[in-house]
Amino acid sequence: MLNLVLFGPPGAGKGTQSAKLIAKYGLIHLSTGDLLRAEITAGTTLGLEAKKLMDQGILVPDAVVIGMIENKLNENKEAAGFIFDGFPRTEAQAQALDNLLAGHQLAINHMIALEVNEEELTQRLLERGKTSGRPDDQNEELIRKRVQEYGEKTAPVAGYYAAQNKFSGINGIGEIEEIFSQIIAIIEA
């Protein structure tokens, strides 16, 4: 079973590359952002609380996200593997994910980080905001806050996976197919 963490700041191209990896390897996509947005759209209590936090650029509590991931693991026991997109965001979440996966006799195989500078990210997200309808993609101040929060809280997760020899960073700026080829080379090495 192939289990990947696709990592990078908001706007790095995780969604684009996830779709290509899912098509190639038959993986189940576990995007915490998508899971949360589904809860918001459904108008659940969890969704309403998550929306309030997300609109302020604040991350949703770990226990909520781990619970949603466990539900997806249980729903997809025969999967070829999973791709984690946007999670884990902290070392504590990485440890919780490892523990959750170990309970299912699974583990992360690779953590691949798409590395993109702040100015490029800001422009990508503002552009995406024109069509996505997401308010967090339409406000430059919120975008910069999200990127800063990523740098402060999320980037250290790379060290956690590097200590397990599972981390690879690649340049997330360039042609989509070139970036995808680099990701494939890491997976199949």
Side-chain angles (χ1 to χ4, degrees), residues 1-41 50 54 57 59-60 65 68-69 72-73 76 79-90 93-94 97 108-140 142-151 153-155 157-158 161 166-189:
M1 181 176 279
L2 178 61
N3 296 304
L4 302 172
V5 173
L6 192 57
F7 200 69
K14 295 181 302 290
T16 299
Q17 294 300 331
S18 289
K20 296 180 76 55
L21 290 163
I22 290 161
K24 180 167 179 66
Y25 294 107
L27 304 174
I28 301 293
H29 188 225
L30 290 178
S31 164
T32 54
D34 289 349
L35 293 173
L36 289 168
R37 282 187 286 278
E39 295 284 338
I40 291 167
T41 300
M54 289 167 70
L59 297 176
V60 177
V65 178
M68 290 188 303
I69 290 171
K72 286 294 183 183
L73 292 176
N76 296 283
F82 296 90
I83 184 165
F84 296 89
D85 172 357
F87 189 87
R89 294 185 180 204
T90 65
Q93 288 178 350
L97 179 59
I108 295 298
N109 301 95
H110 302 283
M111 188 263 220
I112 301 169
L114 299 174
E115 299 167 346
V116 181
N117 67 60
E118 182 177 347
E119 290 310 310
E120 176 73 14
L121 295 169
T122 301
Q123 292 312 307
R124 285 183 183 184
L125 290 170
L126 287 170
E127 193 61 34
R128 183 171 82 182
K130 293 176 183 175
T131 58
S132 72
R134 289 176 50 180
D136 57 336
D137 284 349
Q138 298 170 13
N139 179 316
E140 186 170 339
L142 270 182
I143 289 169
R144 291 191 185 278
K145 182 177 180 178
R146 287 164 59 201
V147 172
Q148 179 182 357
E149 185 159 322
Y150 169 84
K153 296 181 180 174
T154 309
V157 175
Y161 286 105
K166 295 179 180 180
F167 172 81
S168 297
I170 61 171
N171 185 352
I173 299 175
E175 295 296 320
I176 291 170
E177 289 302 325
E178 289 174 15
I179 295 166
F180 185 61
S181 293
Q182 292 177 58
I183 294 171
I184 298 305
I186 291 165
I187 292 170
E188 296 182 359

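What's counted below: heavy atoms across the whole structure, side chains too, no hydrogens, waters or symmetry copies.
- Contact annotation: the side chain of Phe84 approaches that of Ile69 to within less than 4.5 Å [non-hydrogen atoms, C-beta and beyond].
- Contact annotation: the side chain of Tyr25 approaches that of Ile187 to within less than 4.5 Å [non-hydrogen atoms, C-beta and beyond].
- Within 6.0 Å of the NZ atom in Lys153, the count of heavy atoms belonging to other residues, nucleotides or ligands does not exceed 12.
- Distance check: Arg134 CZ to Leu142 CG gives 11.0 Å after rounding to the nearest 0.5 Å.
- Taking the centre and axis of the six-membered ring of Phe180, the NZ or CZ atom of Lys20 falls inside the cone set by 45° and 6.0 Å.
- To the nearest 0.5 Å, atoms CG (Asn117) and CD (Gln123) are separated by 10.5 Å.
- Here CD1 of Ile173 is found 4.5 Å from CD of Glu120. Values are rounded to the nearest 0.5 Å.
- When all heavy atoms of Pro88 and Ala94 are compared, the closest pair comes out as CB-N, 3.4 Å.
- Asn171 and Ile179 get closest at one heavy-atom pair: O-CG1, 3.8 Å.
- Heavy-atom neighbours of Ile176 CD1 from other residues, nucleotides or ligands within 6.0 Å: at or below the threshold of 12.
- The CD1 atom of Ile184 sits 8.0 Å away from the CD1 atom of Ile112 when rounded to the nearest 0.5 Å.
- Here the closest non-hydrogen pair linking Met1 and Asn109 is O-OD1, 3.3 Å.
- Closest of all the heavy-atom pairs between Ser132 and Asp137 is OG-OD2, 3.6 Å.
- Between the side chain of Arg124 and the main chain of Ala12, a donor-acceptor pair closer than 3.5 Å is present.
- Here the side chains of Arg89 and Glu149 are not in contact, with every heavy-atom distance at 4.5 Å or above.
- For the pair Leu21 and Lys24, the minimum side-chain heavy-atom distance is 4.5 Å or more.
- Side-chain contact between Leu4 and Ile108 is absent, with no heavy-atom pair separated by less than 4.5 Å.
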Discussion item. Is there a side chain to side chain contact (heavy atoms under 4.5 Å, CB included) between Met111 and Leu6? Walk through the geometry before answering.
Written reply: CA-CA 6 Å; Met111 188 263 220; Leu6 192 57; over 6 Å; no
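- For Ile83 against Ser18, the heavy-atom pair with the smallest separation is CD1-OG, 3.8 Å.
- By the 4.5 Å heavy-atom criterion applied to side chains, Leu126 and Gln138 are not counted as neighbours.
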Worksheet item: How far apart are the C-alpha atoms of Gln148 and Glu118, what are their side-chain angles, what is the distance that settles it, and do they pass the side chain to side chain contact (heavy atoms under 4.5 Å, CB included) test?
Response: CA-CA 9 Å; Gln148 179 182 357; Glu118 182 177 347; over 6 Å; no
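- A 4.5 Å side-chain heavy-atom check between Ile186 and Ile170 finds at least one atom pair inside the cut-off.
- A distance of 5.5 Å separates OG of Ser31 from CZ of Arg37, quoted to the nearest 0.5 Å.
- One distance of note links CZ of Arg128 with CD1 of Ile143; it measures 8.5 Å at 0.5 Å rounding.
- A donor-acceptor contact shorter than 3.5 Å links the side chain of Arg146 to the backbone of Asp136.
- Between Phe87 and Phe7, the ring centre distance reaches or exceeds 6.0 Å.
- The pair Glu119-Arg144 counts as a salt bridge, with a side-chain nitrogen and a carboxylate oxygen less than 4.0 angstrom apart.
- Here the side chains of Ile28 and Lys72 are not in contact, with every heavy-atom distance at 4.5 Å or above.
- Remark: the backbone N or O of Ala79 is not paired with any side-chain donor or acceptor of Asn76 at under 3.5 angstrom.
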